[in-house]
2 protein chains.
Amino acid sequence: MATSPSSHSADGAGTADAQAQATPAFSPLYQQIKGLILQSLQAGEWKPGEVIPSEMDLAARFRVSQGTVRKAIDELAAENLVVRRQGKGTFVATHAEQHVRYRFLKLVPDSGDRDSEGPAGREVLECRRLRASADVARALALRTGDPVVQVRRVLTFGGVPTILEDLWLPGNAFKGLSADQMAAYQGPTYAMFELEFGVRMVRAEEKIRSVAADAAQAALLAVAEGSPLLSVERLSYTYSDVPMELRRGLYRTDTHHYRNELS
Amino acid sequence: MATSPSSHSADGAGTADAQAQATPAFSPLYQQIKGLILQSLQAGEWKPGEVIPSEMDLAARFRVSQGTVRKAIDELAAENLVVRRQGKGTFVATHAEQHVRYRFLKLVPDSGDRDSEGPAGREVLECRRLRASADVARALALRTGDPVVQVRRVLTFGGVPTILEDLWLPGNAFKGLSADQMAAYQGPTYAMFELEFGVRMVRAEEKIRSVAADAAQAALLAVAEGSPLLSVERLSYTYSDVPMELRRGLYRTDTHHYRNELS
DNA sequence: AAGTGGTCTAGACCACAAC
DNA sequence: TTGTGGTCTAGACCACTTG
């Protein structure tokens with residue numbers, strides 16, 4: 001190993017560490033290794049979809065046993081930052097995988113079969129650069145007035161307009177994002193963010209409410225004014241808990257529902 | 001170890017196993033151990049809140065190394081079936097813990113602080129035994145007409161009626177459940193189910209929709225008829241994926257929201 | 001001091017994939 | 001055949017809790 005507070009011996013190598021503070025915030029070796037791997041992921045040393053070095057290589061690099069690297073990677077895999085494939089290696093997770101096509105979208109057709117309705121239709125209504133309002137700035141950890149990109153679009157499933165949503169993105173990280181780009185890219189928007197802007201969304205939080213559609217919303221979703229809609233506010237984070245996208249969606253739930261698993 | 005398909009050696013004990021089928025559905029030793037522990041949990045050998053034997057004891061009992069038992073327990077802990085406490089032991093998880101008071105309830109006040117509003121008020125409107133309708137029977141894996149218990153109640157937070165919900169429970173497992181019992185018990189209803197009926201809910205699935213309040217619902221929740229409400233249908237399972245409760249809730253989301261974390 | 005879970009190591013072997 | 005992740009073991013030591 002190298003730095004950080006710790007105390008492990010058994011190896012005879014890190015035994016001479018400083019051990020400065022009284023409560024040096026003990027963190028196990030594998031957590032420190034996890035942190036180092038995380039740094040490399042964040043720095044883009046390995047890009048989404050690529051393999052990372054084998055456990056043996058990483059063990060040699062960090063001067064720890066394979067088991068310790070293994071435990072670090074186990075946690076990264078549990079957080080969906082990395083995907084293990086036996087016999088092949090460990091890969092940086094990406095939103096561009098064919099399997100779970102929309103990892104953050106919990107709206108599913110009542111039939112339960114998301115494949116049956118074919119690919120989602122996308123219509124971008126708006127894509128413009130503007131200055132962050134107070135609430136958008138707070139959510140994205142910016143200052144009021146900082147540049148942001150706002151996108152408004154409608155998603156259509158099986159021919160039915162089902163989702164109306166607004167996205168707000170930090171202007172600096174998403175320079176040059178255009179309506180064409182939003183509309184053209186096949187596959188998840190988050191996959192495009194990875195490819196075009198090097199921004200990978202790692203986790204998100206959602207606040208869900210029931211609301212009544214106003215006239216404009218009703219028109220865009222082809223429902224009656226006052227119809228109940230699901231309001232889903234999503235804040236997505238990159239590495240290190242940096243918020244990178246605020247999304248406010250209105251979901252029709254007459255033929256779809258929001259599915260959640262508790263444990 | 002004892003039975004099951006596998007092939008592990010390194011121990012010299014299980015080497016003489018049958019190895020009957022062509023593809024004997026290989027499952028690693030720790031998975032088999034996990035299954036055995038699961039059986040003991042299900043059989044009630046250790047009750048919610050109690051300690052289970054130490055890793056060393058279990059290792060001796062199953063004739064495997066501590067590390068193998070450890071990995072089995074790791075998975076059980078990840079599934080919230082069991083809770084580890086360093087220096088004390090491993091405990092059977094329970095809904096009666098003071099910490100996370102309502103493990104399955106994702107509705108939180110907009111302030112974010114669930115403690116600030118004090119304990120939930122409960123009013124049981126109905127508690128009766130009846131015969132399962134077709135849809136209730138299907139959800140609970142019963143036959144139409146089988147006995148079920150239905151409970152209707154209103155939950156109040158900070159003086160405001162916020163949740164109106166119906167519960168359906170298999171009549172056989174919940175013989176003798178009364179309105180008094182539902183109303184009297186302090187703490188989570190699921191904790192009462194553990195204590196009084198030996199039924200422990202392990203996981204659940206929810207389907208969420210936005211709906212408009214009808215006249216009766218509006219009156220009970222003190223909102224205007226037609227107000228948007230969150231419809232939350234929850235199916236809860238005990239061990240071995242046996243469904244044991246269907247719950248249909250209507251949530252007011254004017255001062256609360258449904259909070260979800262994605263990863 | 002004794003017991004429990006938590007960490008770390010080292011080495012062996014298995015299952016899977018690719019060359 | 002080689003290299004990857006996956007499993008299993010055995011033993012040492014650390015951190016936390018309790019008597």
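The sequence lines fix the lettering, A, B, ..., with proteins before strands; numbering per chain opens at 1. The figures that follow rest on heavy atoms only: side chains count, while hydrogens, waters and symmetry mates do not.
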Quiz item: By a strict heavy-atom criterion of less than 4.0 Å, which residues belonging to residues 82-97 of chain B are in contact with DNA chain D?
Solution: Gln86(B), Gly87(B), Lys88(B)

Quiz item: Given atom CD of Gln32(A) and atom P of dT7(C), what is their separation to the nearest angstrom?
Solution: 12 Å

Quiz item: To the nearest angstrom, how far is Leu58(A) atom CG from dG3(D) atom P?
Solution: 17 Å

Exercise. Grab the OH-P distance between Tyr30(B) and dA15(C) for me, whole Å please.
Key: 14 Å

Quiz item: Rounded to whole angstroms, how far apart are CD on Gln31(A) and P on dG6(C)?
Solution: 13 Å

Quiz item: Side chains of Asp110(B) and His257(B): is there a donor and an acceptor less than 3.5 Å apart?
Solution: yes

Quiz item: Got a salt bridge between Glu79(A) and Lys34(A), using NZ or NE/NH1/NH2 to carboxylate O under 4.0 Å?
Solution: yes

Quiz prompt | Nearest listed nucleotide, side chain of Leu29(B), among dG5(C), dT9(C), dT9(D) | solution = dT9(D)

Quiz item: Between Arg85(B) and Phe91(B), is NZ or CZ placed under 6.0 angstrom from the six-membered ring centre and within 45° of the ring axis?
Solution: yes

Exercise. Round to a whole Å and report the spacing from CD of Glu55(B) to P of dG11(D).
Key: 17 Å

Quiz item: In chain order, what residues pass the ring pair (Phe, Tyr, Trp, His ring centres under 6.0 Å) check against Phe197(A), with sequence neighbours excluded?
Solution: Phe174(A)

Quiz item: For dT4(C), does OP1 or OP2 lie under 4.0 Å from any side-chain N or O of Ser54(B)?
Solution: yes

Self-check item: Test item: Arg84(A) side-chain N/O and Ile73(A) main-chain N/O as donor-acceptor pair under 3.5 Å
Solution: no

Self-check item: Pair Gln42(A)-Ser240(A), side-chain donor/acceptor within less than 3.5 Å
Solution: yes

Quiz prompt | Contact residues, residues 69-81 of chain B to DNA chain D [heavy atom, < 4.0 Å] | solution = Lys71(B)

Practice problem: Rounded off to whole Å, could you give me the CE-to-P distance for the Met56(B) and dT9(D) pair? | Solution: 13 Å

Quiz item: Do Tyr190(A) and Glu245(A) have a side chain donor and acceptor closer than 3.5 Å?
Solution: yes

Exercise. Name the closest nucleotide to the Ser65(A) side chain, picking from dA10(C), dT9(D), dT7(C).
Key: dA10(C)

Quiz item: Hey, are Arg153(A) and Thr189(A) close enough side-chain-wise for a donor-acceptor pair under 3.5 Å?
Solution: yes

Quiz item: Between the side chains of Thr94(A) and Glu194(A), does any donor sit under 3.5 Å from an acceptor?
Solution: yes

